[in-house]
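Numbering of residues begins at 1 and proceeds along the displayed sequence.
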Amino acid sequence: MKNVAYINRPNRPLHLYALVYLAFLYVPVLFLPLFSFNDSIYVTFPFKGFTTTWYEQMLDNKPMHAALMNSIRVASVAALVATMFGIFAAKAVTRYRIRGKKPVVGAIMLPLVIPGIILGVALLILVSRLGIPLSLYTITLGHILISIPFSMATLIARFEGFDKSMEEAAADLGDNAWWTFWRVTLPMAFPGVLASLLLCFTISFDEFIMAFFLAGTESTLPIFIYTQLRFPQKLPGVLALGACILAVSFVVVFFAQWLRRRGIAGSSNVGV
């Protein structure tokens with residue numbers, strides 16, 4: 001009984017550390033939407049006044065809209081392709097015995113630990129040697145490369161979360177491997193697939209370093225924001241845009257994680 005009471009006792013130092021860490025991580029970010037309503041081009045206290053002018057200017061900025069659409073197109077394609085590769089890779093890792101599986105998975109996960117600037121320079125050299133012109137296509141290829149590990153990590157957890165006997169039952173009833181995957185595996189893995197799509201979209205949409213090295217004449221939104229920072233009078237519009245992106249990114253990421261956890265919990269209940 002004493003051991004149980006000791007385990008259930010709240011760990012106040014750990015709670016304090018968590019609060020300090022969250023404050024250190026998110027409080028500076030919260031200044032972004034705060035200053036986007038300041039009636040001044042300078043990011044200083046005290047506020048000069050409250051205004052929504054910068055949001056109105058953001059809505060009338062045609063180059064910003066073009067960069068936004070470029071980012072949406074690139075992120076959509078990168079999320080779809082990375083999730084497709086992630087599905088088959090996760091199924092192969094969790095369902096089959098593969099010789100040298102750990103080194104292969106480690107190689108796929110390398111973009112998670114290699115600095116983005118190294119990957120960007122390497123891909124720039126590669127496409128230059130191959131004679132491929134820099135464009136949104138090269139940016140998309142780079143984003144697929146860095147999105148696949150995130151997709152695979154999300155989907156491996158999903159494939160390991162539901163009962164494998166469902167697939168075995170479908171095979172016993174006469175389904176071949178393809179129909180078993182299409183009728184049984186994919187529907188059960190769908191929450192993880194959707195979470196992967198949302199997560200990869202957010203990663204690609206917010207990514208700057210890879211796009212900076214691989215961009216041609218058309219820029220994505222992060223590159224556009226970077227170019228605007230050189231002009232002080234355009235900084236408030238960038239803050240307004242950043243506040244909108246921040247809000248959407250938080251919603252998408254939390255929704256993706258909620259779907260992934262719900263899917264894992266649902267599979268556990270089915271197995272029981």
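In this structure, the side chains of Ile139 and Leu134 stay at 4.5 Å or more apart for every pair of heavy atoms. At a threshold of 4.5 Å between non-hydrogen side-chain atoms, the residues Phe224 and Pro63 count as touching. Side-chain contact between Phe150 and Leu112 is present, with at least one heavy-atom pair separated by less than 4.5 Å. At a threshold of 4.5 Å between non-hydrogen side-chain atoms, the residues Glu207 and Ile209 count as touching. For the pair Leu123 and Phe213, the minimum side-chain heavy-atom distance is 4.5 Å or more. Side-chain contact between Pro222 and Asp206 is absent, with no heavy-atom pair separated by less than 4.5 Å. Counting heavy atoms from C-beta on, the side chains of Leu221 and Leu241 come closer than 4.5 Å. Within the 4.5 Å cutoff, side-chain heavy atoms of Leu119 are placed close to those of Pro111.
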*Before giving the answer on side-chain hydrogen bond (donor to acceptor under 3.5 Å, both in side chains), spell out for Thr83 and Ser196 the whole-Å C-alpha distance, their side-chain angles and the decisive distance to 0.1 Å.*
CA-CA 6 Å; Thr83 299; Ser196 172; 3.0 Å; yes
*asked:* Go through it in stages, so that I can follow the logic: the residues are Phe205 and Leu68, the test is side chain to side chain contact (heavy atoms under 4.5 Å, CB included), and I'd like the CA-CA distance, side-chain angles, deciding distance and then a yes or no.
replied: CA-CA 9 Å; Phe205 186 84; Leu68 175 62; 3.6 Å; yes
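Note: Leu197 CG to Thr202 OG1 = 10.5 Å, rounded to the nearest 0.5 Å. Here the CD1 atom belonging to Ile125 is positioned 8.0 Å from the CZ atom belonging to Arg129, to the nearest 0.5 angstrom. The line from CG of Leu124 to CD1 of Ile117 is 11.0 Å long, rounded to the nearest 0.5 Å. For the atom pair Ile146 CD1 and Leu141 CG, the distance stands at 12.0 Å (nearest 0.5 Å). To the nearest 0.5 Å, atom CG of residue Leu130 and atom CG of residue Leu126 are 4.5 Å apart. Rounding to the nearest 0.5 Å gives a distance of 9.5 Å between OG1 of Thr140 and CG of Asn70.
A chain of hydrophobic side-chain contacts below 4.5 Å, direct or via other Ile, Leu, Val, Met, Phe, Trp or Tyr residues, connects Val81 to Met109. Both Ile225 and Tyr55 are members of a single hydrophobic cluster when ILVMFWY side chains are connected at heavy-atom separations under 4.5 Å. Leu136 and Leu145 end up in the same hydrophobic cluster when Ile, Leu, Val, Met, Phe, Trp and Tyr side chains are linked at under 4.5 Å. Hydrophobic clustering, with ILVMFWY side chains joined whenever heavy atoms are under 4.5 angstrom apart, groups Phe88 together with Phe85. Under the 4.5 Å side-chain contact rule for hydrophobic residues, Phe24 and Leu14 do not share a cluster.
No donor-acceptor distance shorter than 3.5 angstrom exists from the side chain of Glu218 to the backbone of Thr220, with no hydrogens or angles considered. A side-chain donor-acceptor contact under 3.5 Å links Thr138 to the backbone of Ser135. Under the 3.5 Å distance criterion, the side-chain polar atoms of Ser151 are left unmatched by any main-chain donor or acceptor of Ser147.
For Ser204 against His143, the heavy-atom pair with the smallest separation is OG-ND1, 2.7 Å.
By the ring pair (Phe, Tyr, Trp, His ring centres under 6.0 Å) test, Phe208 is found to be paired with Phe212, Tyr226, residues two or more places apart in sequence or in another chain being considered. With sequence neighbours left out, Ala90 forms a side chain to side chain contact (heavy atoms under 4.5 Å, CB included) with Leu155, Ile156, Phe159.
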